[in-house]
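Below you'll find the structure, written out as structure tokens, and then a few comments.
Chain letters run A, B, ... following the sequence lines, proteins first, then strands; residues in each count from 1.
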Amino acid sequence: MSRIHAQAAGRMQSFARNPIMIALFASLALAACAKKPMNSAGDLGLGANAATPGSSQDFTVNVGDRIFFDTDSTSIRADAQATLDRQAQWLAKYPNYAITVEGHADERGTREYNLALGARRAASAKEYLSSRGIPASKIKTISYGKEKPVAVCDDISCWSQNRRAVTVLGGAGM
Amino acid sequence: MLKRNPFRFLIALATMVTLMIAPAHARVEININKGNVEPLPIAVTDFLQGELGQKISDVVAADLKRSGLFAPIAKSAFIEKITNPDAAPRFEDWKVINAQALVTGRVTQEGDGRLKAEFRLWDSFAGQQMAGQQFFTQPENWRRVAHIIADAIYEQITGEKGYFDTRIVYVAESGPKTARKRQLAIMDQDGFNARGITNSNDIVLTPRFSPNKQEITYMSFEGNEPRVYLLQLETGQREVVGNFPGMTFAPRFSPDGQRVIMSLQQDGNANIYTMDLRSRTTTRLTSTAAIDTSPSYSPDGSQIVFESDRGGRQQLYVMSAGGGGQNRISFGDGSYSTPVWSPRGDLIAFTKQSGGKFSIGVMKPDGSGERILTTGFHNEGPTWAPNGRVLMFFRQNSGAGGPQLYSIDLTGYNEQLVQTKGFASDPAWSPLLE
């Protein structure tokens, strides 16, 4: 059931994802005076010139640091698989970062349940990364439940941006 | 961190003397089981003498009014001016303004500096005194004395224990939604005397009172290690509960205060554990590949209600205190979460999500008799007043604002905003302080 669901929502995702990309990278784009137009959510090349290869900024901008989930779901959607595949390739190339996957839920749930749901999402992302060759022992997870939304509104487009797992890099890295 | 002990005046309030030997057979009474009751007209006169007496009577009247069971009469309508609170009032003067009950009182300073507060409750139509008591305390605790007097009046007239001499611990929230600051705060049940009891550097959630100690349990993200903590209110001392290999959350005390029950997250699963606070031994109670959380003991400690998505969506389950006999009790449309057992044992309050709305409701421990008390965009996290008659919860409206606290009667009537300085969530009601 969740698979069918995932596909249906998958069509929505490029739509739902654009606003957050704009929010995230608008400032970067300005700073870099990027001329390149934003074309699709899949193309994260907007701020490409702004980040040093191998930097955490490079990871965030050119690889994509986050994936999104359907309502109440913890399964990794097709678009999220593509992002995690890129993450795994990049993390294999730059193996010295400490990796934390942060799981989040939207506000349309109760506090305690959302803490567990965020943890499940982080665990799903971790499991996927580990299946792509990143040692599970290197990946820490933490859930913030619904306590750290990135988007504020009262409709589906915004809640979908908050249902996320974000791969955060720490340590010396490069 | 903790500036003062909020329970310190317990000791100071030791003395309570009944002023009258045989209470009259009260005619004035309220049956609070009826639902939408007609509030009882009551005249709460200014206590003698002076400003403090007036302030005490105002707090008493405000408590009674907020309960929804009493309708304090405006002081401007009073005919008789009480000059001797020990003497019988002119009942005719009070009957004329339909004051079915009348409160008189006096505050005086004792030689040792303590405050002495006395009150008498009169039945105007029977022409009799119903109750009379006196209390001694330090002058700074005058609001507590007022709450205790309000509790005595409530109990005398309804036959149920009051809940005014209580506190609320909650999460005080400030700042925009995307960068919200949270700290634990404690206040009197009427919203006064609010003060922070943790800093706002870390996310703190779900504080709960110990049933018998000056202690709370809560969850903190301190050091980016989300864990359940204990906080001693007297000393401000904090400690992590248990040495668990992952996030612990959703804590509550057992009714005897000897154990903390909570969830432990491991990978995608959350299971329920208890820790004995004396022996520090932990016991696992559930073992599923699901999210089992929000456990709450029955008041006799023999059973536990919790939520689980083991059947797909979140539903309520009841098990024995040892973890045996896990049975689903919620079968309505939608999903159910944050169950809390009533201190009376007769009901379980919950948050229900259905049709895009969040409701607060109650059901019997066997799952029957479900009643929704309030529904809206987002209502969450009920907590019971110690008499099991009133619930508090938090409400979040859509958009960029923040949550606020509300109280509502078990009957679904008398919904009231609980005033807090900023946003507030996760209220937990203390036991009666006496």
Side-chain angles (χ1 to χ4, degrees), chain A residues 1-2 5 20 23-24 69 71-76 98 100-128 130 136 139-156 158-159 161-162 165 168 170, chain B residues 171 173 176-180 182 203-206 219 221 224-226 246-251 262-271 290-295 306-309 312-314 335-338 350-353 356 358 377-378 380-381 394 396-401 403 425-426:
Chain A
M1 188 184 149
S2 64
H5 212 114
I20 194 183
L24 269 176
F69 294 86
T71 303
D72 259 335
S73 167
T74 56
S75 41
I76 306 289
T100 303
V101 179
E102 296 179 354
H104 299 269
D106 67 31
E107 68 189 73
R108 303 308 283 158
T110 45
R111 197 158 243 172
E112 294 93 319
Y113 181 78
N114 277 354
L115 285 169
L117 186 61
R120 251 191 200 167
R121 285 176 175 156
S124 292
K126 173 182 172 172
E127 195 182 310
Y128 189 93
S130 126
I139 308 171
K140 198 176 159 335
T141 59
I142 187 168
S143 171
Y144 289 104
K146 63 174 172 177
E147 312 307 325
K148 286 191 165 187
V150 288
V152 178
C153 63
D154 49 11
D155 59 37
I156 283 167
C158 153
W159 299 332
Q161 295 168 45
N162 292 331
V168 177
Chain B
V171 176
E173 303 192 14
K177 217 169 180 176
T178 50
R180 191 58 57 83
R182 293 176 181 81
I203 298 174
V204 285
L205 301 171
T206 60
M219 185 211 193
F221 278 72
N224 277 328
E225 294 285 348
M247 172 172 77
T248 46
F249 62 109
M262 73 206 115
S263 286
L264 167 66
Q265 187 77 33
Q266 286 183 288
D267 298 324
N269 305 332
N271 281 292
I291 293 172
D292 293 346
T293 191
S294 300
F306 63 101
E307 64 173 89
S308 175
D309 67 353
R313 305 187 72 174
Q314 295 154 273
S335 61
Y336 295 77
S337 52
T338 74
F350 53 81
T351 306
K352 178 176 182 172
Q353 284 171 254
F358 283 62
F377 177 75
H378 197 117
E380 181 179 340
F394 68 98
Q396 166 86 52
N397 292 319
S398 66
S425 62
D426 281 356

So which part of Thr100(A) gets closer than 4.5 Å to some heavy atom of chain B, the side chain, the backbone, both or neither? neither
Does the distance from a Lys or Arg side-chain N to an Asp or Glu carboxylate O, for Lys148(A) and Glu102(A), drop under 4.0 Å? no
Residue pairs, two or more places apart or on separate chains, that pass salt bridge (Lys or Arg N to Asp or Glu O under 4.0 Å) and touch residues 117-126 of chain A: Arg120(A)-Asp309(B)
Heavy-atom pair count under 4.5 Å with chain A, highest-scoring of His378(B), Glu225(B), Met219(B): His378(B)
Looking at Phe350(B), Phe358(B), Phe306(B), which one forms a ring pair (Phe, Tyr, Trp, His ring centres under 6.0 Å) with Tyr336(B)? Phe350(B)
Please classify the contact of Ile291(B) with chain A as side chain, backbone, both or neither, using a heavy-atom distance under 4.5 Å. both
Test side chain to side chain donor-acceptor pair (under 3.5 Å) applied to Arg111(A) and Thr351(B), Asp426(B), Thr206(B), the passing residue: Asp426(B)
Going through the distances and angles, do Leu205(B) and Phe221(B) end up as a side-chain contact (heavy atoms from CB on, under 4.5 Å)? CA-CA 9 Å; Leu205(B) 301 171; Phe221(B) 278 72; 4.2 Å; yes
Using non-hydrogen atoms only, which part of Glu173(B) is less than 4.5 Å away from chain A: side chain, backbone, both, or neither? side chain
Applying side-chain contact (heavy atoms from CB on, under 4.5 Å) to Asn269(B) and not counting sequence neighbours gives Asn271(B), Ala289(B)
Of Gln314(B), Met247(B), Arg180(B), the largest count of non-hydrogen pairs under 4.5 angstrom with chain A goes to Gln314(B)
Just so I understand: if I count every heavy-atom pair under 4.5 Å between each of Pro149(A), Ala151(A), Ser124(A), Gly109(A) and chain B, which residue has the most? Gly109(A)
Arg313(B), part contacting chain A, at a heavy-atom distance under 4.5 Å: neither
Select, from Gly381(B), Ser335(B), Ala179(B), Ser425(B), the one with the greatest count of heavy-atom pairs under 4.5 Å involving chain A. Ser425(B)
Between Leu117(A), Thr110(A), Ile142(A), who has the most heavy-atom pairs with chain B when the cutoff is under 4.5 Å? Thr110(A)
Go through Phe249(B) and Thr293(B) one step at a time and tell me if the side-chain contact (heavy atoms from CB on, under 4.5 Å) criterion holds. CA-CA 8 Å; Phe249(B) 62 109; Thr293(B) 191; 3.2 Å; yes
Note: vs chain B, highest number of non-hydrogen pairs under 4.5 angstrom among Asn162(A), Thr74(A), Leu115(A) is Leu115(A)
